[in-house]
Each structure stands twice: as structure tokens, then as C-alpha cells.
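Have a look at the structure below, then the notes.
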Amino acid sequence: MQSTLERLQALSAERAKAREAEKTAKILQMPMPVWPESVRGVPNVALRSALFGAIKRGPRRYMDRELVTSLEGYEVRYTGPRLDQSDLDVWEALLHLARRQALGNRIEASERQLLKEAGRSYGKSGREWLKSVAARLSATTVEIQHDHQNYGGSLVDEFYRDDIAGCYVIELNPRLQLLFAHEDWTQVEWEQRQKLKRQPLAQWLHGFYSTHARPFPLKVKTLHQLSGSEAKQLYHFRAELRDALACLEEATGWTHEIDTNDLVHVGKIPTPSQARYLSKPKQPKK
DNA sequence: CCGCAGTAAGGCATCTCTCG
DNA sequence: CGAGAGATGCCTTACTGCGG
């Protein structure tokens, strides 16, 4: 026999669940945020984790529902071959193309257009590469938990070449909308990212620090794990990190320092929107 | 542990050629 | 001219070995 209290508790739990579902439904109906042509809008979870890692070319390690290192607050599991910064280029390009439509809609784009949006030159090797990225992004599984919101599925629902139409057909998962909710996404300067081409670690750092208006110091070891670097020795990674930070500074003007405690400091000039955000909570000091 | 130089191997840009 | 195939060669990463 249930007590009145138990019944009440069950009822309130049910209501909470319903509210959560309602919230999710609401988010799914919101339009995709719009960002200017010069940036790429990317969910923070993709930039604050090793999901798209700073890994070297060559054979990719296969992951099976493995927990991906990420900043606190995100839980990410991934199944499939490791994703790299080039895969991120394409995913960003797809989101970019989709941003003016409601997610879930079909995108049709030529090989040429996709390669251009991803910052690649058009040629035999580029087209072959695009095929392999399409296979990776559509055939792998990501599970993301953040803020009571769950996302599960592939990064791209459909991604195939329609030989008759002579173009690619892409269908994004409508639930991707959840990853853009609560302003939990970042505008990444595309021109800066392109300057860091072929330098996975510098690209990863650029994405990571783009998500922070005022970066906080992190240990070299933490960055090693967060970036998904496969360097086996930490001092090797430290050397790579130094080079990458120097490239990053050249491309963005963000200053860097590794102090005696092995803490990495990055100083940056906040973007206008980040500056507004920073000035909000605190009263201006005088 | 750390820095530097050298190495291997693969990613990627680019060039040329062919075909319609 | 434009699209695509194939070949070539540069550039990068991460590892190794040596000396401090």
C-alpha cells in the first residue's frame, strides 16, 4: 500500500519528467541560430572534448562506446574510428550550410561546394578524402549527455553521393538542435582556423580557446588528454604544444605562457559578444 | 627529464592528361 | 571549357637517438 507521501513524490517526479520533455520539444522547434559568413557555429561539446582530436594522420584507432575526455559537465561516448580536425572541418561546413534552414532538412551540395566550404582544394585526392569523411560522419555513433539533455546517434544521419543528381545529399539529425541550446555553442573564426591548416593541435587549441571568453589556466597534462593527442611522452607533447601555441598566437594574437607549475596560460582579446558577457556579472571596477 | 636533429610514412595540394 | 583520373612531390607528425 502506497503512502500519500509516496504517491505525491511519484506524481511530482512524473511532472518533472513531463516538464523536461516539454523543454526538449520546445528546443527542437527553435530555429537554428544564425551566424555570419565569416565564422563557423560549433556546439561547445565538439570543441571542449577530444571527440575531434588533435591526432596524426595514419591508421585511426577504433573506439567502442569509449568515454571521450571532455571538460566537466559533458559526458561523451563515441563508437567508430577516431575523428580528427579534418572531419571537424566537414562537420562545421555542413552545419554552416544548414544554418539557414531548420535542422533535419536535406542539404544538397556539389563536391566542389563541400570541399570549398571545408577549406580544401578540389582534385582527385580531395574528392576521395570527402568520401571517407562522409562514411565516417554518417556511420559512427556519438552519445552526449549535458544539462539533462541527451543526444544519441550519428553526427550526420545521411551523407551519400547521389550519382544521378551529381551531388551529395546530406541529412542532419534534428536533435542536433539540442547541442545549440542554451547558447552552448561558439562562433569560430574561419579565417583563423584556415591559417592553422595541417596543424591539428593548433586547430584543436583554436577551437577550444574560442569557447572561452577568458581562458583559465590548464595543466599541460590536462590539455594532452582533452585534445586527444596520441603523443606517448608528456614532454614530447609539451614541445608540440609550445609550437602549436606559437602558431596560434601568430594566427590570432592570443598570447601564451607555460609557467613553472606546468600550467598553460592563454590570454585573448574577447570578441564583442564575449566582452558583453564578461562585463555583465561584475560591476566595472574603478 | 628535456631539447634538438634526423627519419619514416602518409595527407594533401597541384599539375597534367583525357574526354565530352 | 569543365569535370574527373592519375601521378608527383612537399609538408607534417611523432618517434628515435644522442647529448646535456
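All chains are named by letter (A, B, ...) in the order of the sequence lines, taking the proteins before the strands, and each is independently numbered beginning at 1.
- For A:E240, counting side-chain heavy atoms from C-beta on, the closest listed nucleotide (C:dA14, B:dC2, B:dT14) is C:dA14.
- Atom CG in A:L241 sits roughly 13 Å away from atom P in C:dT13 (whole-Å rounding).
- Whole-Å rounding puts the A:R161 CZ to C:dA3 P distance at 12 Å.
- Atom NZ in A:K221 sits about 11 Å away from atom P in B:dC1, given to the nearest Å.
- Within the 4.0 Å cut-off from OP1 or OP2 of C:dA3, not a single side-chain nitrogen or oxygen of A:R127 is found.
- The aromatic rings of A:W35 and A:W185 lie tilted to each other, with the angle between the two planes from 30° to 60°.
- Between A:F208 and A:W204, the ring-plane angle classifies as parallel under the 30° and 60° cut-offs.
- The 5' end of DNA chain C is approached more closely, in terms of each residue's nearest nucleotide, by A:R198 than by the other of A:R198 and A:E230.
- When each of B:dT14, C:dC15, C:dG6 is scored by its nearest atom to the side-chain atoms of A:H236, the top-ranked nucleotide is C:dC15.
- A sub-4.0 Å separation between OP1 or OP2 of C:dA14 and a side-chain N or O of A:K232 is absent.
- Here A:R242 lies in heavy-atom contact (under 4.0 Å) with sugar-phosphate atoms only.
- Between the A:R136 side chain and the A:D87 main chain, no donor and acceptor come within less than 3.5 Å of each other.
- The distance from atom CD of A:Q85 to atom P of C:dT12 is 16 Å, rounded to the nearest whole Å.
- Within the 4.0 Å cut-off from OP1 or OP2 of B:dC12, at least one side-chain nitrogen or oxygen of A:S86 is found.
- Residue-level contact check: A:Q233 touches neither bases nor backbone, having no heavy atom under 4.0 Å from any strand.
- Separating the CG atom of A:D262 from the C1' atom of B:dC2 is a distance of 12 Å, rounded to the nearest angstrom.
- When each of A:R120, A:R161, A:K124 is tested with A:E111 by the rule salt bridge (Lys or Arg N to Asp or Glu O under 4.0 Å), just one qualifies, namely A:R161.
- Taking every side-chain heavy atom of A:R112 into account, C:dA3 is the closest of C:dA3, C:dG4, B:dG11.
- Between A:W129 atom CH2 and B:dT14 atom P there is a gap of 14 Å when expressed in whole angstrom units.
- Using a cutoff of 4.0 Å between basic side-chain nitrogens and carboxylate oxygens, A:R65 and A:E143 are scored as salt-bridged.
- Between A:D243 atom CG and B:dC4 atom C1' there is a gap of 12 Å when expressed in whole angstrom units.
- As judged by a 4.0 angstrom heavy-atom cut-off over every strand, A:R120 is placed among residues touching the sugar-phosphate backbone only.
- Taking only side-chain nitrogens and oxygens, A:Y122 comes nearer than 4.0 Å to OP1 or OP2 of C:dG4.
- Atom CD in A:E111 sits roughly 17 Å away from atom P in C:dG2 (whole-Å rounding).
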